[in-house]
Every structure is written in structure tokens, then in C-alpha cells.
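Please read the structure below before turning to the comments.
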Amino acid sequence: MAPVLSISRRTRNTPWTQRNREHGVKAYTVYNRMLLPTVFESVVEDYHHLKKHVQVWDVACERQIEIKGPDATKLVQMLTPRNLTKMKDDQCYYIPVVDENGGMLNDPVAVKHNDNRWWISIADSDLLYWVKGLAVGKGLNVDIFEPDVSPLAIQGPKADDLMAQLFGEVIRDLKFFRHRQIKFNGKSHTVARSGFSVQGGFEIYVDGTKQGEPIWDALFEAGKNLNVRAGCPNAIERIEGGLLSYGNDMTIQNTPYEAGLGKFCKGPAAKGCIGGEALRREQIDGPKQQIRGLAISGDAVPPCQNAWPVMVEGAQVGQVTSAAWSPDLNTNVAIGMIEANHWNIGTQVTVQAQDKSRNAEIRKLPLIT
Ligand code: THG
């Protein structure tokens with residue numbers, strides 16, 4: 001028997017764990033100590049369906065850190081080199097979060113409700129403790145906690161149709177990375193146009209575990225004519241689209257510049273950001289290595305369970321951290337960290353995958369737009 005995941009209270013259930021089961025979830029990973037589905041039909045079947053129709057994803061594991069109080073905005077700006085001064089009360093920003101050395105701690109979506117209230121929608125690391133530590137250490141006037149809020153993503157080309165059928169036509173007017181309130185059964189929930197696919201769609205920040213199943217059921221009822229299915233972030237689609245996975249593609253060892261997130265460190269970077277000084281040096285000198293796409297030749301690669309060495313003339317020049325067969329590009333696609341001398345687009349390299357060595361070429365991200 002292949003090893004399976006042992007589930008317990010520590011691997012927290014979500015509001016939709018039962019629904020995932022009913023819809024045939026085949027594999028889980030653990031993300032923020034919570035279950036995250038990874039496969040329904042198969043990764044390839046899920047991929048084709050996501051690009052044609054619409055899926056409902058249990059991404060409750062994208063936990064919220066709520067920061068509330070008069071020093072909330074000051075604290076959020078301490079976390080990130082991205083300039084927040086122009087951010088409106090209905091905006092979401094993708095923000096690198098860094099430590100005092102400029103090392104990445106997380107790459108969350110910041111959801112601004114107003115100057116005194118934010119959500120930080122986190123990737124897979126225990127960011128809550130860093131945020132609380134900063135607030136206590138700096139004597140800031142804020143409350144910091146994980147609210148009972150669980151994102152449910154609606155992704156795919158028919159996402160607008162599905163959302164409009166349930167919540168009305170006005171939802172179509174919501175702009176990318178903007179949010180608004182919607183009502184369901186008399187309760188209010190935040191909805192943003194965002195999500196971890198490049199197909200487009202929405203995320204409903206479901207307020208209250210008890211509201212989860214009724215909203216899920218209403219989406220499936222409304223989407224009957226749209227071939228709606230349960231889905232999850234898709235490994236192939238997110239690599240093609242260049243969406244990074246914290247803990248896989250970058251870690252605390254990497255700066256935002258290395259992760260290709262330099263465009264989110266602009267401005268007087270850093271004014272107020274804890275890692276600002278450290279990053280300013282790299283802003284001038286440039287990073288020594290950086291995220292790139294790769295096309296890996298040969299038959300389908302196995303899943304990348306460890307960093308795969310990237311070699312040039314027998315010397316290691318980087319590593320591949322995510323890889324998958326892309327049906328639409330008819331080649332393997334990958335994301336890796338490559339040293340400066342070898343990161344130019346078109347450079348030929350060798351990738352030592354789990355099974356065997358393969359020829360590969362450096363490409364730009366995203367691999368598909
Ligand atoms: N949605 C929400 N929370 C999240 C994620 C999400 N938390 C964890 C994880 N995903 C955070 N990581 C990302 C990575 C990429 C994007 C969002 C979250 C993303 N990037 C777009 C891009 O790179 O093209 C847009 C970036 C921009 O222009 O601002 O969407 O998915 N709630």
C-alpha cells in the first residue's frame with residue numbers, strides 16, 4: 001500500500017471536509033496545519049476541467065490573520081516592502097513578507113478593510129507568531145488573531161456566470177484584487193476577484209464555519225448548467241501560470257528579489273518595513289539567483305518531492321522546486337531558482353529529476369499567459 005496521510009485534530013478539518021469527501025477528493029496535503037485537497041478526478045483531468053468550466057475550491061487553509069486597532073496599518077507596513085500608502089479600503093495586495101534580513105516569511109494576500117482592520121491571507125508558514133511578536137515588541141495598539149473565516153475559491157472561465165447566478169449581475173463589475181460585501185442567508189461575507197489560478201475567478205471569505213456548507217450547496221445548485229465541479233489549486237496550471245508556492249519555490253532563505261517579486265518592493269521600499277534596510281542593498285546590487293521557468297524535455301516527470309539539481313557542465317547552477325507535465329504545452333514545465341550566470345532565457349541546462357537526468361531550457365515566467 002502506498003503511504004497515506006494520517007488525519008487527526010492537528011491536521012485541522014475545514015468547513016468543507018465532508019463536502020470534499022462527497023465530491024470524491026482523492027488526495028490531501030497539509031497547509032497551515034489544515035487539510036488542502038490536491039486531486040479530485042486526476043491532476044490532468046482537473047486541469048482540463050478548470051480551463052474550460054468552473055470549479056469550487058476549499059482553500060480554507062489560506063488562513064486569515066486579522067489585525068485590528070489604531071496601529072494596524074503601521075504594523076502591516078512593517079511586514080512588507082510593498083508600499084501600502086495608496087491602498088484603498090476595498091483593495092487586496094499580494095505582499096512579500098520579510099524578516100530583518102529580507103528573508104521571505106510568507107507571500108500572503110493583504111485584504112484591507114480600513115486603516116484599523118486588515119486580513120493577511122497567508123501561505124503555508126506560521127506568520128501569526130511573527131506578527132504578534134512584532135506587535136508586542138514594538139508596543140503597538142492592535143489585536144491579532146485568527147478569525148473563523150475560510151476562503152472558498154470559484155475559479156475558471158465560467159466563474160463570473162456562476163457567481164452572477166447566485167449573487168446577481170453586479171458581481172461581474174468587481175475588478176481584479178478588489179473586494180466587496182455580499183449577502184447570503186442574511187449574513188455578510190467579503191468577496192474578492194482573486195484566486196490561485198490564472199483562469200480568473202473569485203474568493204468568498206466565508207464568515208463562520210456554519211455558513212460553509214449552505215454556501216457550497218447553493219453554488220453547486222446554481223452551477224448545475226455550468227458543469228461546476230469541486231476542485232483545488234492545480235499543480236500543472238499554477239506552474240504554467242508562474243504562481244509561486246511558499247515553502248516549495250521560495251523559503252526564508254530567499255529574498256523577494258530572488259523570488260521575482262521585486263516589482264512588489266518598489267518605492268521608498270521599505271519605509272517602515274522591518275527588512276527594508278537589508279533589501280535596499282539587494283535593490284542596488286541585484287540578486288545572485290532568481291526564479292525562472294523551465295521546459296524539461298522527455299516524457300512526463302514524476303512529482304518534484306525534493307529540490308532537483310540544475311547542472312551546467314557538471315556544476316550545479318540552481319534547483320527545480322516544482323515540475324509537471326503540461327498537456328497544453330506538450331512538454332514538462334517547471335519552476336526553479338537559477339544562478340545569475342545561467343538564468344538568461346534560452347540557456348540549456350540539465351535537470352537531475354528523481355528518476356533520471358533530462359535536458360531543459362530556461363524560460364520566462366509565466367510559461368503560459
Ligand atoms: N488567495 C488568498 N490567500 C492566499 C492565496 C490566494 N494565501 C496563500 C497563497 N495564495 C498566497 N500566494 C499567492 C501567490 C500569487 C497570487 C496570490 C497569492 C496571485 N498572483 C497574481 C500573479 O502573480 O499574477 C497577481 C499578483 C498581483 O498582481 O497582485 O494572485 O490565492 N486569499
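Positions are given from 1 along the sequence. Indexing begins at 1, ligand by ligand and atom by atom, following the structure's order.
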Verdict with supporting geometry, T73 and D115, side chain to side chain donor-acceptor pair (under 3.5 Å): CA-CA 6 Å; T73 296; D115 271 319; 2.9 Å; yes
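- For the pair R82 and Y93, the cation-pi test (distance below 6.0 Å, angle within 45°) is passed.
- Applying the salt bridge (Lys or Arg N to Asp or Glu O under 4.0 Å) rule to pairs touching residues 83-95 yields D89-K112, D90-R178, sequence neighbours excluded.
- The side-chain heavy atoms of Q352 and V320, taken from C-beta on, include no pair separated by under 4.5 Å.
- Under the side-chain contact (heavy atoms from CB on, under 4.5 Å) criterion, A123 pairs with Y31, N106, D107, Y246, sequence neighbours left out.
- Residues passing the side-chain contact (heavy atoms from CB on, under 4.5 Å) test with Q211, sequence neighbours excluded: K187, H189, V206.
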For each nitrogen or oxygen atom of ligand 1, which protein N/O atoms lie closer than 3.5 Å, and how far apart are they, rounded to 0.1 Å?
residue	atom	partner	partner atom	Å
ligand 1	1 (N)	E62	OE1	3.3
ligand 1	1 (N)	E203	OE1	3.1
ligand 1	1 (N)	E203	OE2	2.8
ligand 1	3 (N)	E62	OE1	3.3
ligand 1	3 (N)	S121	OG	2.7
ligand 1	7 (N)	S121	O	3.0
ligand 1	7 (N)	I122	O	3.4
ligand 1	12 (N)	D107	O	3.2
ligand 1	12 (N)	D107	OD2	3.4
ligand 1	31 (O)	F196	N	3.4
ligand 1	32 (N)	S121	OG	3.0
ligand 1	32 (N)	E203	OE1	3.1
ligand 1	32 (N)	E203	OE2	3.4
ligand 1	32 (N)	Y205	OH	2.9

